[in-house]
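Take a look at the structure set out below.
What you see below is based on every heavy atom in this structure, not just the backbone, and it leaves out hydrogens, waters and symmetry mates.
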Amino acid sequence: MKTAAITGAIVCMAFTQAAFAQSTLDASPLQPDYIAVMQALDKDGKPVDPTVTIIHHDGMFLSETLRGGRTSIGFGPDEARPVLRWSRQADGEITYLELLLRARKPDIAKTDAPQPLAEVSSIAGEGCTWSETVSKPPSSGTFISREQNCATEDGIVIETKLLTPNDVPIYHTRLVSLDRRTVAPAEVHPPLEILTQEYWLRPIRSNDADPSEPDFDITLESTGGSTIRLLRHYPWHYREQRHRDGSVSIKIWNKREDQGISYQQVNNHRRLTAARPADDGSSSLKFDEATGRTSLDKSETILGETCEWFDLMPGVQDAGNRQCLTPDGLPLKLDISGMNLAFPYTATSFRRRPVDLSEMRLPAAAFSLEEWNLPALR
């Protein structure tokens, strides 16, 4: 499943590049509705997997890429807008979703407007004219790419090449068929059900309570003023981390099934990923960061409760996750490190109390397409 999700991400990246090229090559008038089937080509121009179907309606593009029995789907207006992606199995079950809104960075590689080339082609019975866009790297010595697109008179890109400086294709797609016809909104819009927390958190199976893992509600704070709130209702876990700058990170996951949702918001950057296990039991996301459990042979007393220190990521060199746990698994102190930074947190309150799944909620805006600069769906 993880491989399929990564592959889908690469294909959707190519799709958004092509969608952006189409939107910039002929922004006015608006391109007609159409359905185009594009074939990936290798460096010698021979067909290879995958084949991508692109559907356009009213400025919105949807791409479908089939590989290994799973379909990777992308939805959005162009590369400057957020991208919605999801993966669908052969049986129709949707097991992965990502919403991504990137913050603009001042040092991001700049791109010139497409420049026309003195070259025309005929592809699958459609005439097109070539243009080229060259990226401007933020510093000297950085990789410079050249994207070439061949577009029809009404602005539909029917061949795309992304080239290295020595003209080796990074990716190359060419039209197989093009159908200009009226496209209904339902043909491009994502299923409404996947844009809900309930879809991703619906139980896969019933789970009996585990007396060794009681429900709890814990708040921890760092010396810098950041807070972490933890809830547990076995096998469900909730982690909400907030910082003074307003950034927030929330994860809700099922420890047994490795299913759940992860949401981050930092300034104008926002990302939401969600996953359910595929039919083979695999998941595209890893929600529980623990890779083991090694005792560190030391203990503390925090808020009148004794806890023992464990390394939950033993042997990991570039990151650390050490926690002081009570005998029934309540984390009263966290020492999390990564990228040469350490983030110690100490419990300021904790309660063993019944926790309902309804308490484990994302912000109301998490699945709001308006917040992701995408059109509302009906």
Side-chain angles (χ1 to χ4, degrees), residues 97 193-222 225-243 247-265 272-277 283 285-291 293 299-310 312-313 321-336 343-368:
L97 175 140
E193 64 176 354
I194 69 172
L195 299 174
T196 66
Q197 175 172 312
E198 287 71 23
Y199 177 87
W200 298 102
L201 301 186
R202 72 185 192 276
I204 294 174
R205 71 193 75 188
S206 60
N207 294 281
D208 296 330
D210 186 342
S212 67
E213 298 198 43
D215 290 10
F216 62 66
D217 181 351
I218 300 175
T219 298
L220 305 99
E221 296 184 13
S222 71
S226 299
T227 63
I228 293 177
R229 188 186 182 201
L230 302 174
L231 299 174
R232 181 172 71 186
H233 177 75
Y234 180 83
W236 293 95
H237 288 252
Y238 174 90
R239 177 188 174 107
E240 175 185 317
Q241 187 170 8
R242 294 184 178 273
H243 301 281
S247 60
V248 59
S249 174
I250 298 175
K251 289 201 304 182
I252 309 170
W253 75 99
N254 184 314
K255 186 175 181 179
R256 285 194 61 187
E257 307 295 347
D258 206 18
Q259 70 173 118
I261 306 173
S262 175
Y263 174 77
Q264 300 93 34
Q265 182 177 350
L272 185 152
T273 51
R276 293 174 59 83
S283 176
L285 298 176
K286 183 68 175 176
F287 293 97
D288 194 340
E289 297 174 352
T291 59
R293 182 175 169 133
S299 61
E300 290 190 41
T301 300
I302 300 170
L303 298 177
E305 191 93 7
T306 300
C307 60
E308 181 180 356
W309 278 98
F310 292 91
L312 301 185
M313 297 178 68
N321 183 359
R322 299 185 176 190
Q323 301 186 13
C324 196
L325 304 174
T326 65
D328 53 357
L330 277 69
L332 300 183
K333 203 165 186 178
L334 309 177
D335 188 359
I336 303 171
F343 305 95
Y345 287 82
T346 303
T348 56
S349 69
F350 75 90
R351 287 186 293 165
R352 294 178 178 86
R353 67 165 181 86
V355 172
D356 192 85
L357 289 180
S358 63
E359 299 179 63
M360 302 181 180
R361 303 294 302 178
L362 296 176
F367 281 103
S368 170

Exam field: side chain [X] to backbone [Y], donor-acceptor pair closer than 3.5 Å:
{"X": "Thr196", "Y": "Tyr199", "answer": "yes"}
{"X": "Gln197", "Y": "Ile261", "answer": "no"}
{"X": "Asp215", "Y": "Val355", "answer": "yes"}
{"X": "Gln259", "Y": "Trp200", "answer": "yes"}

Considering non-hydrogen atoms only, spot the tightest contact between [X] and [Y] and give its length.
{"X": "Ile250", "Y": "Pro363", "result": "CD1-CD, 3.6 Å"}
{"X": "Phe367", "Y": "Leu362", "result": "CE1-CD1, 3.8 Å"}
{"X": "Pro277", "Y": "Ile204", "result": "CD-CD1, 3.4 Å"}
{"X": "Ala347", "Y": "Ile218", "result": "CB-CG2, 4.2 Å"}
{"X": "Pro331", "Y": "Gly329", "result": "CD-O, 3.3 Å"}

Could you label the plane-to-plane angle of the His237 and Trp253 rings as parallel, tilted or perpendicular, counting under 30° as parallel and over 60° as perpendicular? parallel
Using side-chain contact (heavy atoms from CB on, under 4.5 Å) as the criterion, list what pairs up with [X], not counting sequence neighbours.
{"X": "Lys333", "value": "Glu300, Ile302, Trp309, Cys324, Thr346"}
{"X": "Thr219", "value": "Arg229, Thr348, Ser349"}
{"X": "Arg352", "value": "Glu305, Thr326, Asp328, Leu330, Phe350"}
{"X": "Gln264", "value": "Ser249, Ser262, Arg271"}

Under the criterion side-chain contact (heavy atoms from CB on, under 4.5 Å), I'd like the reasoning laid out for Leu272 against Leu97: C-alpha separation, chi angles, the key distance, then a yes or no. CA-CA 8 Å; Leu272 185 152; Leu97 175 140; 3.6 Å; yes
Taking C-beta and beyond as the side chain, do Gln323 and Phe310 meet within less than 4.5 Å on heavy atoms? no
Are the side chains of Leu230 and Leu220 in touch, meaning some heavy atoms are under 4.5 Å apart?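 Sidechains of Leu220 and Leu230: in contact.
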List for me each residue that meets salt bridge (Lys or Arg N to Asp or Glu O under 4.0 Å) alongside Lys251, sequence neighbours excluded, and say none if there are none. Glu289
All salt bridge (Lys or Arg N to Asp or Glu O under 4.0 Å) counterparts of Glu359, not counting sequence neighbours: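 Expected list: Arg353.
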Given Gln265 and Tyr263, is the side-chain hydrogen bond (donor to acceptor under 3.5 Å, both in side chains) satisfied, shown in steps? CA-CA 7 Å; Gln265 182 177 350; Tyr263 174 77; 2.9 Å; yes
Verify side-chain contact (heavy atoms from CB on, under 4.5 Å) between Trp236 and Lys255, making sure each step is shown before the conclusion. CA-CA 6 Å; Trp236 293 95; Lys255 186 175 181 179; over 6 Å; no
Just do the side-chain contact (heavy atoms from CB on, under 4.5 Å) check on Leu332 and Leu325 with the steps written out, would you? CA-CA 6 Å; Leu332 300 183; Leu325 304 174; over 6 Å; no
Can you measure from [atom1] ([X]) to [atom2] ([Y]) and round to the nearest 0.5 angstrom?
{"X": "Arg239", "Y": "Ile228", "atom1": "CZ", "atom2": "CD1", "value": "4.0 Å"}
{"X": "Arg293", "Y": "Leu312", "atom1": "CZ", "atom2": "CG", "value": "7.0 Å"}
{"X": "Tyr345", "Y": "Ser226", "atom1": "OH", "atom2": "OG", "value": "4.0 Å"}

Applying side-chain contact (heavy atoms from CB on, under 4.5 Å), run through Arg276 and Arg202 and close with a yes or a no. CA-CA 9 Å; Arg276 293 174 59 83; Arg202 72 185 192 276; 3.3 Å; yes
Between Glu257 and Arg205, is a salt bridge (Lys or Arg N to Asp or Glu O under 4.0 Å) present by the stated rule, with each step listed? CA-CA 9 Å; Glu257 307 295 347; Arg205 71 193 75 188; 2.7 Å; yes
Sidechain N-carboxylate O distance under 4.0 Å for Glu198, Arg361: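 Yes, Glu198 and Arg361 are salt-bridged.
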Heavy atoms of other groups near Arg232 CZ, more than 12 under 6.0 Å: yes
